[in-house]
*Asks:* 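Below you'll find the structure I mean.
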Number of protein chains: 2
Amino acid sequence: MNQPTGQEDKVLSTEEKIKEAARKLFTQKGFAAVRTRDIADEAGINLALLNYYFRSKQKLFDIIMLENFRKFLHIVSGRVLDDSLTLEEKIALLVDIEIDMLTQNPDLPLFVLNEIRVNPNKIAMEMHSGDVPGVSRLLAQLISANGSGEAPQMQPLHFLANLIGLTVFPFVGRPMLQKITGVDEDAFYKMMQERKKLIPIWIKAILNCS
Amino acid sequence: MNQPTGQEDKVLSTEEKIKEAARKLFTQKGFAAVRTRDIADEAGINLALLNYYFRSKQKLFDIIMLENFRKFLHIVSGRVLDDSLTLEEKIALLVDIEIDMLTQNPDLPLFVLNEIRVNPNKIAMEMHSGDVPGVSRLLAQLISANGSGEAPQMQPLHFLANLIGLTVFPFVGRPMLQKITGVDEDAFYKMMQERKKLIPIWIKAILNCS
DNA sequence: GTCTATATACGGATAGAC
DNA sequence: GTCTATCCGTATATAGAC
């Protein structure tokens, strides 16, 4: 979880322990299905401390939700913002970063997609203020590519649905896909690594065929 | 909802009213976030009747969950089982049926995928007994196609992830996709209709490019 | 079958000692 | 900062009249 730091994560403060436990449980089960007692147990702390550090269950959840949401959307930030890259290079980079992120946070997309549907209001603001950093530029680049002869018309919605669907969906549907195909967890994650190279190729093929 | 029946759905029995209300709310919000009072209000019946007809909230939920799960998986049944169809024909038919089903039940996939993750045990049985009717045959057909020269190797897991991802994901991510692209609900569902023709073409392109 | 009233349990939150 | 004990609202479920 905290790989970049040199020290291993056993020296968390009480507040951090609560937050990490809350993140784990809320992300897996959602707000209503988690009891504050579960969080306290998971964190190995006393129940009263939860309210001491974070006034209420709701406040704690809001913090986790915002952080999860940012992490999910800000995949496309920093490096991918550089406009020197071609559309194809951006796609390859984006898929690479996103699959790494999803491998480390496999429960994130289901949580976020659920919250967006249940709670469109809280989310809308974040969606516009952050503006999903690189995505608008990516779509602009797609549209200008539409103009040139190389690849014909492709609606931004279809393009995004394809790109995110191919990249994110396997993680959302992992238990189902494993059950149907009989692939174990190790093999599954190895195949997700393969997809880093495959998806950009597939996306290109899709763009060239309408 | 009950389109095949000639009569319109205002003449539901009390039991059916409760079940329909429960289906709607549970599918949207999940078990923990729904109160029995919400279901009673939505159904327009007295709270005590819920326990009279379905012993408990949990029992009622189990019924809904099982039905939702079957509906989601049995997309691939009946017509698609016919083995006279080629792989390409099956894909086109499957995508067509699935998009129609998802258009009428847009909350279904998120509910089912959530439940599978939270509750893998209850689900496993259903997954084997039903064996996701047409899918195993579809995959067998894919593998035999791998053998012939036409299309090279494609792992079943990649194939399924692509097919389901392209078809199902847009519905799971609809609110997000609409927000990012600015497409309204009407236009969104029209584009889903377009995808009935596009996805089979894209899948073919993907199969031909590795 | 349907209602009102109520028992009972559970979960979020706090008071107050240490 | 951390603990124990407890309060209190809320939600499920049932008893019993009609």
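Each chain gets a letter, A, B and so on, in the order its sequence line appears, and its residues count up from 1.
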*Asks:* Is it the case that more than 12 heavy atoms not belonging to Lys29(B) sit under 6.0 Å from its NZ atom?
*Replies:*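 12 or below, so no.
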
*Asks:* What's the CG-P distance between Leu60(A) and dG12(C), to the nearest Å?
*Replies:*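 Answer to the nearest Å: 11 Å.
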
*Asks:* Indicate every side-chain donor-acceptor pair of residues 11-18 of chain B with a distance under 3.5 Å to a residue at least two apart or in another chain.
*Replies:*
{"residue": "Ser13(B)", "atom": "OG", "partner": "Glu16(B)", "partner atom": "N", "Å": "3.2"}
{"residue": "Ser13(B)", "atom": "OG", "partner": "Glu16(B)", "partner atom": "OE1", "Å": "3.3"}
{"residue": "Glu16(B)", "atom": "OE1", "partner": "Ser13(B)", "partner atom": "N", "Å": "2.8"}

*Asks:* From CZ of Phe54(A) over to C1' of dG1(D), roughly how many Å is that when rounded to an integer?
*Replies:*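 One finds 14 Å between C1' of dG1(D) and CZ of Phe54(A), rounded.
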
*Asks:* For Lys196(B), look at atom NZ and say whether over 12 heavy atoms of other residues, nucleotides or ligands are found less than 6.0 Å away.
*Replies:*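 Count over threshold, so yes.
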
*Asks:* Would you please name every residue forming a side chain to side chain donor-acceptor pair (under 3.5 Å) with Glu115(A), sequence neighbours left out?
*Replies:*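 Partners of Glu115(A) under the side chain to side chain donor-acceptor pair (under 3.5 Å) test: none.
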
*Asks:* Considering only side-chain heavy atoms of Arg35(A), which listed nucleotide, dG11(C), dT2(D), dA13(C), is closest?
*Replies:*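 The answer is dG11(C), which lies nearest to the side chain.
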
*Asks:* Check the distance between dT12(D)'s P and Leu25(B)'s CG and give it to me in whole angstrom.
*Replies:*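 Nearest whole value for this atom pair: 12 Å.
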
*Asks:* Check every strand shown and say whether Arg55(B) touches a base, only sugar-phosphate, or nothing at a heavy-atom separation below 4.0 Å.
*Replies:*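 Sugar-phosphate, no base atom in range.
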
*Asks:* Go through residues 38-53 of chain A and report each residue with a non-hydrogen atom lying under 4.0 Å from DNA chain D, sorted by number.
*Replies:*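 Those residues whose heavy atoms fall under 4.0 Å from DNA chain D, taken from residues 38-53 of chain A in numerical order, are Asn46(A), Ala48(A), Leu49(A), Tyr52(A), Tyr53(A).
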
*Asks:* Checking side-chain polar atoms at under 3.5 Å, does Gln58(A) have a donor or acceptor matched by the opposite partner on Asp62(A)?
*Replies:*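 Per modelled atom types, Gln58(A) and Asp62(A) side chains form a pair under 3.5 Å.
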
*Asks:* Should Met154(B) and Asn162(B) count as side-chain neighbours, where that means a heavy-atom distance under 4.5 Å?
*Replies:*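 The answer is yes; the side chains approach within 4.5 Å.
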
*Asks:* Just N and O in the side chain of Thr36(B): are any of them under 4.0 Å from OP1 or OP2 of dT12(D)?
*Replies:*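 The answer is yes; a side-chain N or O of Thr36(B) sits under 4.0 Å from OP1 or OP2.
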
*Asks:* So, is Thr14(A) near the phosphate of dT2(D), with a side-chain N or O under 4.0 Å from OP1 or OP2?
*Replies:*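 Result: yes.
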
*Asks:* Can you tell me the distance, in whole Å, between the NZ atom of Lys17(B) and the P atom of dG1(C)?
*Replies:*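 Distance, rounded to whole Å: 13 Å.
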
*Asks:* Measure the distance from CD1 on Ile18(B) to C1' on dT2(C) and round it to the nearest whole Å.
*Replies:*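 Answer to the nearest Å: 11 Å.
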
*Asks:* Could you tell me how far apart Phe31(A) (CZ) and dG11(C) (P) are, to the nearest whole angstrom?
*Replies:*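 Nearest whole value for this atom pair: 13 Å.
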
